[in-house]
Participant: 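First, the structure itself, so that you have it in front of you.
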Amino acid sequence: HEDESIEETGFLEVRSIVQRFNEILGRMQTLEDSRQEFVSNVSHELKTPMTSMKVLADSLIQQGDQVPAELYREFMQDIVAEIDRENVIISDLLSLVKLDKKAAQLQITTVSINELLEIIMKRLKPLALQRNIELIFESFRPVTAEIDEVKLSLGLTNLIENGIKYNKDDGWIRVTLNADHKYFYVKVADSGVGIPEDCQDQVFDRFYRVDKARSRDTGGTGLGLAITKSVVSLHNGEIKLYSKVGEGTTFTLRVPLKYKG
Ligand code: ADP
């Protein structure tokens, strides 16, 4: 009897090892699939401005000396705009890649989150003013936390900038800061177009855009929220969103006050 039970235990062990192995293989395949999808998305995104530039330049070459000065200038401006866009995509990509390098060597210092948010909002004010959007900051208490100032600032900037980009003229954005003994909380609420429920999970994916045309018009790359999510998780924090189409969107962030590796 003893022999049988040893045999049975061995069999079960082998089976569970095989199961684990299959699980790991499955996970590796998923990783490989998402890596391939990322590379194909990157190529596509980088190719789009390149194709426009080529068409514009080709058409100038074909028309030779016949091109009226006005048209020539217009085409050149379009080419420069495409180069600018290419640069935005590349710099967003570089940010993402740097964040991806696990634990991304965070430069942790103790920072006043109130001041950090005030600086970000001051920087974004001219953008908001262009469309008469009101930027409101509400803080329930002074908060200092151990964070990577540059990276968190990038993540928060993306959220507030989105609040402006996807808002309506004369709208508002309300940034609220609060804390308890363990975490600080930042809420970024806007009076914008909102995000349909079936897209809400995907907006954090790389290159995902609800409305491609609108996002492109506003200079969007579809990488902003992926960067923000990455920054927040490097700080062991959490990000969530609540949104209703036509009413607005609220992002909430929860980040530990003390950084623990
Ligand atoms: P993008 O560079 O296109 O802004 P993001 O990753 O920042 O990319 O956002 C992904 C998509 O989520 C956007 O294209 C937009 O459709 C949607 N989105 C993000 N923030 C908001 C917001 N505050 N209000 C409405 N839609 C938003």
Side-chain angles (χ1 to χ4, degrees), residues 34 37-38 41-42 44-49 81-82 84-100 117 120-121 123-125 127-128 130-138 151-176 185-234 237-253:
S34 73
E37 192 188 328
F38 180 61
N41 281 336
V42 169
H44 174 77
E45 295 293 328
L46 291 177
K47 246 189 123 171
T48 311
E82 295 296 340
D84 287 344
R85 179 162 174 78
E86 194 91 50
N87 273 329
V88 172
I89 300 174
I90 291 171
S91 80
D92 274 2
L93 274 170
L94 287 176
S95 302
L96 251 185
V97 170
K98 272 193 221 150
L99 291 169
D100 256 5
L117 283 168
I120 295 171
M121 292 177 80
R123 232 187 281 137
L124 290 174
K125 205 161 185 177
L127 190 68
Q130 281 175 8
R131 291 175 47 224
N132 197 31
I133 292 169
E134 193 185 358
L135 277 180
I136 307 153
F137 179 43
E138 227 176 24
K151 293 197 175 74
L152 195 72
S153 173
L154 178 67
L156 290 167
T157 301
N158 287 342
L159 286 186
I160 304 173
E161 209 176 336
N162 278 353
I164 301 173
K165 284 193 318 197
Y166 303 105
N167 217 318
K168 42 185 187 263
D169 292 354
D170 311 316
W172 50 263
I173 295 160
R174 183 184 294 274
V175 179
T176 319
Y185 305 86
V186 181
K187 199 156 98 173
V188 181
D190 67 50
S191 61
V193 296
I195 302 172
E197 216 173 314
D198 58 332
C199 305
Q200 292 181 7
D201 284 342
Q202 298 159 76
V203 290
F204 294 105
D205 292 350
R206 295 160 172 192
F207 295 115
Y208 184 84
R209 283 163 286 188
V210 177
D211 178 347
K212 283 204 183 279
R214 189 189 173 96
S215 169
R216 197 170 196 282
D217 282 352
T218 50
T221 61
L223 293 172
L225 287 179
I227 292 174
T228 302
K229 189 167 183 174
S230 208
V231 169
V232 172
S233 32
L234 281 173
E238 250 182 35
I239 182 165
K240 285 195 181 136
L241 86 87
Y242 307 87
S243 185
K244 222 167 182 186
V245 171
E247 286 182 18
T249 304
T250 301
F251 285 94
T252 60
L253 238 78

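The shown structure was predicted, so the numbers you read here are calculated from the model rather than taken from an experiment. Each ligand, and each atom within it, is numbered from 1 in the order the structure gives.
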Participant: Less than 3.5 Å between some nitrogen or oxygen of Val193 and one of ligand 1, yes or no?
Facilitator: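 For ligand 1, there is no N or O atom that lies under 3.5 Å from one belonging to Val193.
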
Participant: Run down the list Ser243, Gly222, Gly224, Gly248 and name the one with the heavy atom closest to atom 1 (P) of ligand 1.
Facilitator: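 It is Gly222 that holds the nearest heavy atom.
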
Participant: So, for Phe137 and Met121, which heavy atoms are closest and what is the spacing to 0.1 Å?
Facilitator: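 For Phe137 and Met121, the tightest heavy-atom pair comes out as CB-SD, 3.7 Å.
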
Participant: If you measure from atom 12 (O) of ligand 1 to every heavy atom of Thr250, Val203, Val245, which option wins on shortest distance?
Facilitator: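 Checking each option, the heavy atom nearest atom 12 (O) of ligand 1 is found in Val203.
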
Participant: Tell me the side chain to side chain donor-acceptor pair (under 3.5 Å) pairs involving residues 185-195, sequence neighbours left out?
Facilitator: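 Every side chain to side chain donor-acceptor pair (under 3.5 Å) pair that includes a residue of residues 185-195, provided the two are not neighbours, is Asn167-Ser191, Asp180-Tyr185.
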
Participant: Any idea which part of Asp190 is under 4.0 Å from ligand 1, heavy-atom wise: side chain, backbone, both or neither?
Facilitator: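 Side chain only.
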
Participant: Within the 4.0 Å heavy-atom shell around Lys165, which atoms of ligand 1 are there?
Facilitator: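 Every atom of ligand 1 under 4.0 Å from some heavy atom of Lys165: 1 (P), 2 (O), 4 (O).
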
Participant: Short list, please: which atoms of ligand 1 are under 4.0 Å from a heavy atom of Leu225?
Facilitator: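 Under 4.0 Å from Leu225, ligand 1 has these atoms: 5 (P), 6 (O), 7 (O), 9 (O), 19 (C).
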
Participant: To which of Leu241, Val210, Ile227 does the heavy atom nearest atom 17 (C) of ligand 1 belong?
Facilitator: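 Result: the heavy atom closest to atom 17 (C) of ligand 1 is in Val210.
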
Participant: Go through ligand 1 atom by atom and flag the ones less than 4.0 Å from a non-hydrogen atom of Tyr208.
Facilitator: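 Those atoms are 10 (C), 11 (C).
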
Participant: Show me, pair by pair, the donor-acceptor contacts under 3.5 angstrom made by side chains of residues 86-96, not counting sequence neighbours?
Facilitator:
{"from": "Ser91", "atom 1": "OG", "to": "Val88", "atom 2": "O", "distance (Å)": "3.4"}
{"from": "Asp92", "atom 1": "OD2", "to": "Thr221", "atom 2": "OG1", "distance (Å)": "2.7"}
{"from": "Ser95", "atom 1": "OG", "to": "Ser91", "atom 2": "O", "distance (Å)": "3.0"}

Participant: Would you mind running through ligand 1 and noting each atom that sits below 4.0 Å from a heavy atom of Gly220?
Facilitator: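 Numbered from 1, ligand 1 contributes 1 (P), 2 (O), 3 (O).
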
Participant: A quick test of your reading: do over 12 heavy atoms of other residues, nucleotides or ligands sit less than 6.0 Å from CG of Asp170?
Facilitator: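 Count over threshold, so yes.
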
Participant: Answer with yes or no whether Gly192 contacts ligand 1, where contact means a heavy atom under 4.0 Å from a ligand atom.
Facilitator: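 It does not, in that no heavy atom of Gly192 comes within the 4.0 Å cut-off of ligand 1.
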
Participant: Which atoms of ligand 1 are found less than 4.0 Å from any heavy atom of Leu223?
Facilitator: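 So the answer, numbered in order with elements, is 6 (O), 8 (O).
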
Participant: Could you tell me the residue and atom name of the protein heavy atom closest to atom 7 (O) of ligand 1, and the distance to it rounded to 0.1 Å?
Facilitator: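 In this structure, atom 7 (O) of ligand 1 has Asn162 ND2, 2.9 Å as its nearest protein heavy atom.
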
